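Here is the structure we will look at, set down as structure tokens.
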Amino acid sequence: MIKQRALDDFRSTLRGDLLLPHDADYDATRRIFNAMIDRRPALIARCASAADVVACIGFARAEALEVSVRGGGHNVSGKAVCDGGLMIDLARMKGCRVDPARRTAYAEAGLTMAELDSNCQTFSLATPTGIVSTTGIAGLTLGGGIGWLGGKHGLSCDNLESIDMVTADGRLLGATATENPDLFWAVRGGGANLGVVTSFEYRLHEVGPVVGGGIAWPLARAQHVLPFYDELARACPDELSLNAGFFTVEDGTKLVGVNVAWIGSLDAGERVLKPLRSLDSPVADGIAPMGFLDLQRGGDGAFPRGRRHYWKASFLRRLERGAINVLVDFAATCPSPYTQVGLQQMHGQAARVSPTDTAFAHRHDQWDCLMLTQWVNPADDERNIRWTRELHAALQPWVEDAVYVNNLGDDEADRVRSAYGANFDRLVAIKAKYDPDNFFRGNQNVAATAGSQ
Ligand SMILES: Cc1cc2nc3c(=O)[nH]c(=O)nc-3n(C[C@H](O)[C@H](O)[C@H](O)COP(=O)(O)OP(=O)(O)OC[C@H]3O[C@@H](n4cnc5c(N)ncnc54)[C@H](O)[C@@H]3O)c2cc1C
């Protein structure tokens, strides 16, 4: 039981505010992207600064409270919210300063992708992020960050110059390639395990108008479209990134589609994309020149906040006929019209970084094979979850024992080792140095995984 005096003292040290269950904003603040997550923290600190985060760590330690850390609150596993502890909510920390001369952006941890992008695009600059612009930059970057600029400029974490982090003992540390380099290595892929990152400094790149959008065919054409897609990806230049998917349109028709992003001269993009656009008879072709912000927002409509989500994912190196058959069969029986199964390309610069340069180990030309199951009615939970698990199980002969940490669900602690592969032991050792008693465990936890082996 927390004494009122301690609570009052804590509240008075915060520049942000402190919410208790009876407060008006409490319910809206504890809710996150995935409506399946319904946890009730004892306290929510809406932090305004790194100093507030330091105060949170001190208070949680003094009161023996569990903590969770919320960036954008987008992660489907729901680790951003704890039951009964202190939720450290960074969503109001939205400072952003772009330095066009140095081509860097200093960004606080509560920014969404859309907010970072719009700041940077004022100067025709950008850094790699993801493909749905409501995602938080913090969780995205700390896990890796696979997106449209990946072929040309790498993952989000590959573009970090520095971070500021509040550690488990309440210190504010900087990390760069030369200052606390072990921490800097670990946060680039394993970040949520180490501490609370309060700000990021990103390297920026010139990005003007792009060629983006999608093209789609009837599901029955998938056996023809996907082998072509696999070959196209294998030969594609760094400027082009692709993302194939199975989805359902409003009238219930099931389609297979390919979304594209060409980051280069518009004429060259139109030429490179011509073979894809000439394939068969697409039912829709929305590929066109567009602004970078429109490209980044392109995925938003399919992922509104507040639906129920259960995801599975694995990396896939080659789209073989057997894997395509499984994907097509499951797409045909998918219980929810909102679900998408995606094959998000990772290649080019993102794949060329050495697997041991950062904690993100999975550096290959490959697909992130995503089973993004979403629905509305709680009565449909069981059949949607079952369908997702069965699809993932059926794909096992073709997928790698490798997964992107940001796609792991709340029930996948047994796959955390597969998220780090050969880097797992080094990450565990750095975790032990900076967080020896596993204070930060509301994440895909490497210490618990190591301890259970
Ligand atoms: C619709 C949708 C589309 C997506 N598309 C992509 C994509 O294209 N590419 C891609 O790479 N990923 C994608 N993702 C996955 C996304 O990268 C993760 O869900 C990511 O964790 C979201 O970050 P967040 O800050 O919003 O999440 P949160 O839920 O707030 O946090 C996720 C984890 O990170 C921890 N964390 C958050 N902030 C901090 C911090 N500042 N310091 C320390 N730990 C912190 C949390 O405690 C939690 O464990 C997508 C997710 C969704 C829901």
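The analysis underlying the following values was restricted to heavy atoms, covering all of them including side chains, and did not include hydrogens, waters or symmetry mates. Because the structure is predicted, anything quoted here is derived from the model rather than measured. Numbering of ligands and ligand atoms starts at 1, following listing order.
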Practice problem: Please test Glu66 against Arg441 for salt bridge (Lys or Arg N to Asp or Glu O under 4.0 Å), starting from the C-alpha separation and ending with a verdict. | Solution: CA-CA 8 Å; Glu66 191 184 323; Arg441 48 186 177 273; 5.5 Å; no
Exercise. Of the side chain and backbone of Trp311, name the one, both, or neither that has a heavy atom under 4.0 Å from an atom of ligand 1.
Key: side chain
Self-check item: Heavy-atom neighbours of Gln396 CD exceed 12 at 6.0 Å
Solution: yes
Quiz item: Hey, is Gly147 one of the residues with a heavy atom under 4.0 angstrom from ligand 1?
Solution: no
Self-check item: Heavy-atom gap Gly145 to ligand 1 smaller than 4.0 Å
Solution: yes
Self-check item: Lys/Arg N to Asp/Glu carboxylate O, Asp357 vs Arg363, below 4.0 Å
Solution: no
Practice problem: Below 4.0 angstrom from a heavy atom of Val196, which ligand 1 atoms are there? Numbered from 1 as shown, please. | Solution: 42 (N), 43 (C)
Quiz item: Is Gly73 near ligand 1, meaning one of its heavy atoms is under 4.0 Å from it?
Solution: yes
Quiz item: If you round to the nearest 0.5 Å, how far is CZ of Arg31 from CD1 of Ile37?
Solution: 10.5 Å
Quiz prompt | Protein contact of atom 35 (C) of ligand 1 - nearest heavy atom, named by residue and atom, plus distance | solution = Ala192 CB, 3.7 Å
Quiz item: How far does CD of Glu412 sit from CH2 of Trp311, to the nearest 0.5 angstrom?
Solution: 12.0 Å
Quiz item: Is Arg308 paired with Asp380 through a side-chain N to carboxylate O contact shorter than 4.0 Å?
Solution: no
Quiz item: What part of Phe440, side chain from CB on, backbone N/CA/C/O, both or neither, has a heavy atom under 4.0 Å from ligand 1?
Solution: neither
Quiz item: Out of curiosity, Met36 CE to Trp375 CH2, how far, rounded to the nearest 0.5 Å?
Solution: 4.5 Å
Practice problem: Tell me which protein heavy atom sits closest to atom 48 (C) of ligand 1, plus the residue, atom name and distance to 0.1 Å. | Solution: Lys79 CB, 3.9 Å
Quiz item: Who's the nearest protein heavy-atom neighbour of atom 9 (N) of ligand 1, and how far?
Solution: Ile146 O, 2.6 Å
Practice problem: Look at atom 13 (C) of ligand 1 and say which protein heavy atom is nearest, naming residue and atom and giving the distance to 0.1 Å. | Solution: Leu140 CD1, 4.1 Å
Exercise. With heavy atoms under 4.0 Å as the rule, classify the contact between Leu142 and ligand 1 as side chain, backbone, both or neither.
Key: side chain
Practice problem: Report the relative orientation of the aromatic rings in His362 and Phe315; use parallel for angles under 30°, tilted for 30 to 60°, perpendicular for over 60°. | Solution: tilted
Self-check item: Residues Arg39, Asp410: salt bridge by 4.0 Å N-O rule
Solution: yes
Practice problem: Considering the heavy atoms of Phe303, write down every atom of ligand 1 situated less than 4.0 Å from one of them. | Solution: 1 (C)
Quiz item: Quick one: does Lys431's side chain have a donor or acceptor within less than 3.5 Å of a partner on Val446's backbone?
Solution: no
Exercise. Could you list which atoms of ligand 1 come closer than 4.0 Å to a heavy atom of Gly71?
Key: 25 (O), 30 (O), 37 (C), 38 (N)
Practice problem: May I ask you to list the atoms of ligand 1 that are less than 4.0 angstrom from any heavy atom of Ala80? | Solution: 29 (O), 30 (O)
Quiz prompt | N or O contact, Ile137 vs ligand 1, cut-off under 3.5 Å | solution = no
Quiz item: Which residue from Asn406, Leu111, Ile131 reaches closest to atom 8 (O) of ligand 1 through any of its heavy atoms?
Solution: Ile131
Quiz item: For ligand 1, which atoms, with element, lie under 4.0 Å from some heavy atom of Val197?
Solution: 40 (C), 41 (N), 42 (N), 43 (C)
Quiz prompt | Within reach of ligand 1, part of Ala109 (heavy-atom separation under 4.0 Å) | solution = side chain
Exercise. Please determine which of Arg317, Glu400, His347 meets the side chain to side chain donor-acceptor pair (under 3.5 Å) test together with His364.
Key: Arg317
Quiz item: Rounded to the nearest 0.5 Å, what separation is found between the CG atom of Leu183 and the OG1 atom of Thr176?
Solution: 10.0 Å
Quiz item: Any N or O on Gly136 sitting closer than 3.5 Å to an N or O of ligand 1?
Solution: yes
Self-check item: Spatial distance of atom CZ (Arg40) from atom SG (Cys82) [nearest 0.5 Å]
Solution: 12.5 Å
Quiz item: So, does Tyr404 sit close enough to ligand 1 that a heavy atom of it is under 4.0 Å from the ligand?
Solution: yes
Quiz prompt | Cationic N near anionic O, under 4.0 Å, Asp52 to Arg15 | solution = no
Quiz item: Between Arg188 and Phe184, is NZ or CZ placed under 6.0 angstrom from the six-membered ring centre and within 45° of the ring axis?
Solution: yes
Exercise. Report the part of Leu90 (side chain from C-beta onward, or backbone N, CA, C, O) that has a heavy atom under 4.0 Å from ligand 1; answer both or neither where that applies.
Key: side chain
Quiz item: Which atoms from ligand 1 have a heavy atom of Ala138 less than 4.0 Å away?
Solution: 38 (N), 39 (C), 41 (N)
Quiz item: Which atoms from ligand 1 have a heavy atom of Gly442 less than 4.0 Å away?
Solution: 47 (O), 49 (O)
Quiz item: Which heavy atom of the protein is the closest neighbour of atom 36 (N) of ligand 1, given with residue, atom name and distance?
Solution: Val69 O, 4.0 Å
Quiz item: Relative to ligand 1, is Gln344 under 4.0 angstrom through side chain, backbone, both or neither, heavy atoms considered?
Solution: side chain
Quiz item: Short list, please: which atoms of ligand 1 are under 4.0 Å from a heavy atom of Arg70?
Solution: 30 (O)
Quiz item: Would Gly195 count as a contact of ligand 1 if the rule is a heavy atom under 4.0 Å away?
Solution: yes
Exercise. Give yes or no for whether the N/O distance cutoff of 3.5 Å, strictly under, is met between Asn407 and ligand 1.
Key: no
Quiz prompt | Matching residue for Leu242 among Leu232, Asn259, Leu343 - test: side chain to side chain contact (heavy atoms under 4.5 Å, CB included) | solution = Leu232
Exercise. Output yes when a protein non-hydrogen atom is found under 4.0 Å of atom 24 (P) of ligand 1, and no otherwise.
Key: yes
Quiz item: Is it true that atom CG of Asp182 has more than 12 heavy atoms of other residues, nucleotides or ligands lying nearer than 6.0 Å?
Solution: yes
Quiz item: Does an N or O from Gly130, backbone or side chain, lie closer than 3.5 Å to an N or O of ligand 1?
Solution: no
Self-check item: Option set Asn75, Thr135, Asp89, Asn443, criterion heavy-atom distance to atom 16 (C) of ligand 1, minimum
Solution: Thr135
Quiz item: Rounded to the nearest 0.5 Å, what separation is found between the CZ atom of Arg415 and the CG atom of Asn407?
Solution: 9.0 Å
